[in-house]
A.B. asks: 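Sharing a structure below in structure tokens format, with a few things to ask.
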There are 2 protein chains.
Amino acid sequence: MQKAAVGKNNEAIAAQLAPVGRETVQDRVYSELRRALIGGLFEPSQVLTIRGLADALVTSTMPVREALGRLITEKALEALPNRSVRVPPITLERLDDLLRARVLIEGEAIALAAARMGPRQIAGIETILAEWDEMRALKHKKDVDREVTLNQSFHFEIYRSCGSAVLIPMIESLWLQSGPCIRVAIYAFSEAGEVDTAQYHRRIVEALATQDAHAAREALAADISRPFTFLRNKLQSAAAKDQT
Amino acid sequence: MQKAAVGKNNEAIAAQLAPVGRETVQDRVYSELRRALIGGLFEPSQVLTIRGLADALVTSTMPVREALGRLITEKALEALPNRSVRVPPITLERLDDLLRARVLIEGEAIALAAARMGPRQIAGIETILAEWDEMRALKHKKDVDREVTLNQSFHFEIYRSCGSAVLIPMIESLWLQSGPCIRVAIYAFSEAGEVDTAQYHRRIVEALATQDAHAAREALAADISRPFTFLRNKLQSAAAKDQT
DNA sequence: GATTATGATTTGTGATCACACTTGCTTTGA
DNA sequence: TCAAAGCAAGTGTGATCACAAATCATAATC
């Protein structure tokens, strides 16, 4: 399978060596910005500058501007007519729009995954649930970052089983777009002594374990919808208050 | 609404003048490459070089490399481990994957559009149908380019009515990904004295005119599926021939 | 004669510079 | 006192250069 150029009897050596992997600076910048966006480290409507990010990431402007361009095409960022870029602001319409798309596409992905996940994969996501419980057990410090990360791992572990190289990047794009909004909701959840997210996740796992695609889709929709409807109400009441 | 900086009594002049619009070179390169991709001007598996494209488009490498980066994140192009980029090759799995995603997402878009399209919009897409008929009437020259363009206009005119700023970019990405494949199919159609695409389109228009979302979705699925299943059979028979 | 080594050419990546546009502040003039 | 002009700092865009890695053709070696 490997290139023949490694020589005749170098397979033995090659088996011992891990591929070194040449990640470009641009890739690192891109990943870092993605992480920040999904994690909600940037606020909606916040303006980003190339030189500012380059300084923060300790590189030159070149990798940053290319990474920004990529994020703009994914709609994770927005190019203003002034040619400055910002993270898209939250509006009611956009919230509903994102929710609908996520339920549609992630629902399809989990329905596909339900038919394809074996005990091996189920065990994998149960591990993540266990980690979640562990984290909640010692809840002195509300580690929102960790919550976000675990939630992400849980969902994408499932989506990866759907076997679609087309759907997964779309889902990533949707997470990128809803990341900055969701963070706001999760914060508010944490403060409001929320209903535990784990319940929703457990329901998803049950459906997957019994290969029930329909139930999985429903449970997932419920899980996704929660922060969205929460945020929706918050926005609406804020708008009502502005009116008065 | 306009900037106050235009002065006091310059509104009269401003009304006469069209905004000049400052498109960047990168934007033009990007659009041009998109057009080429959707139109199927590049073959699957074809390798593209930055300097080569820059020469062809008569610019420097800078706008090209950024445009390529954007297309790669949309999965319209593929970055090889060698760091060269190519248009993704066709495989059976990828074909099925793309078809499923397109039926899912474009189906949702047309279902939404069905409830929102008024007589005004219906008339718009009927105009496109008329252009199509006109083109077919004088069919001395099989103008595949024009077929592709009209087909695209027809579909996106509908999708634009769905009112979702999230779904439309995803659909564009899907067209970008399936463009190089579809072109192959359309060529083959033209040669094979095809069943007229217009029939399928007319069925879609009928469903939309009666606001029948379900029928519209079905008709659209049939329209989209045609070139895919055609290509699928072609690929399979080719694979079978290779076996022998 | 097949495989490996060597060198030239090509290609992507990142840094830097020049230029144009934007923005915010100061100054000017009525 | 206030709006318009002018100025300065900041910012995105595109061109160019330096460098490293890849590719390909040729030569050397077993």
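When reading the values below, keep in mind they use all heavy atoms of this one structure, side chains included, and skip hydrogens, waters and symmetry mates. Each chain gets a letter, A, B and so on, in the order its sequence line appears, and its residues count up from 1.
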A.B. asks: What is the distance from CE of B/Met62 to P of C/dC19, rounded to the nearest Å?
C.D. replies: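 Interatomic distance, CE of B/Met62 to P of C/dC19: 16 Å.
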A.B. asks: Where along residues 67-83 of chain A does a heavy atom fall under 4.0 Å from DNA chain D?
C.D. replies: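 Output list: A/Arg83.
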A.B. asks: Of all the heavy-atom pairs spanning A/Gln152 and A/Trp175, show the shortest one and how long it is.
C.D. replies: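 So the minimum-distance heavy-atom pair works out to CA-CZ3, 3.8 Å.
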A.B. asks: Throw together a table of side-chain donor-acceptor distances under 3.5 angstrom for residues 46-54 of chain A, partners on residues two or more places apart or in other chains.
C.D. replies:
residue: A/Gln46; atom: OE1; partner: A/Glu43; partner atom: N; Å: 2.9
residue: A/Thr49; atom: OG1; partner: A/Gly52; partner atom: N; Å: 3.1

A.B. asks: Please list, chain by chain and in numerical order, all residues satisfying salt bridge (Lys or Arg N to Asp or Glu O under 4.0 Å) with B/Arg116, sequence neighbours excluded.
C.D. replies: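 Counting only residues at least two positions away or on another chain, B/Arg116 forms no salt bridge (Lys or Arg N to Asp or Glu O under 4.0 Å).
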A.B. asks: Go through the structure and list residues passing side chain to side chain contact (heavy atoms under 4.5 Å, CB included) with A/Asp27, not counting sequence neighbours.
C.D. replies: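 Residues passing side chain to side chain contact (heavy atoms under 4.5 Å, CB included) with A/Asp27: A/Glu23, A/Thr24, A/Arg70.
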A.B. asks: Within the structure shown, what part of the strands sits under 4.0 Å from B/Glu66 by heavy-atom distance: base, sugar-phosphate, or nothing?
C.D. replies: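 The residue B/Glu66 makes no contact with any strand.
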A.B. asks: Angle class for the A/His155/A/Tyr159 ring planes (parallel below 30°, perpendicular above 60°, tilted otherwise)?
C.D. replies: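 Taking A/Tyr159 first and then A/His155, their aromatic rings sit tilted (interplane angle of 30° to 60°).
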A.B. asks: For DNA chain C, determine which residues of residues 46-60 of chain B have any heavy atom closer than 4.0 angstrom to one of its atoms, and list them numerically.
C.D. replies: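 By residue number: B/Leu48, B/Thr49, B/Ile50, B/Arg51.
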A.B. asks: If the threshold is 4.0 Å, N to carboxylate O, is there a salt bridge linking A/Lys75 and A/Glu78?
C.D. replies: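 Looking at A/Glu78 together with A/Lys75, the answer is no, because their closest N to O distance does not fall below 4.0 Å.
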A.B. asks: List the residues meeting side-chain hydrogen bond (donor to acceptor under 3.5 Å, both in side chains) with B/Gln121, not counting sequence neighbours, and say none if there are none.
C.D. replies: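 With neighbours one apart ignored, the set is empty.
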A.B. asks: Could you give the CD-to-C1' distance, from A/Gln26 to C/dG14, as a whole number of Å?
C.D. replies: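 So the CD-C1' distance, A/Gln26 to C/dG14, works out to 10 Å.
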A.B. asks: Does any N or O donor sit under 3.5 Å from an N or O acceptor when you compare the side chain of A/Arg65 with the base of D/dG14?
C.D. replies: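 Between D/dG14 and A/Arg65, which were checked side chain against base, a qualifying N/O pair under 3.5 Å is present.
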A.B. asks: If only side-chain N and O atoms count, and only distance matters, is there a donor-acceptor pair under 3.5 Å linking B/Gln177 with B/Ser173?
C.D. replies: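 Checked: B/Ser173/B/Gln177 side chains pair up, N/O donor to acceptor below 3.5 Å.
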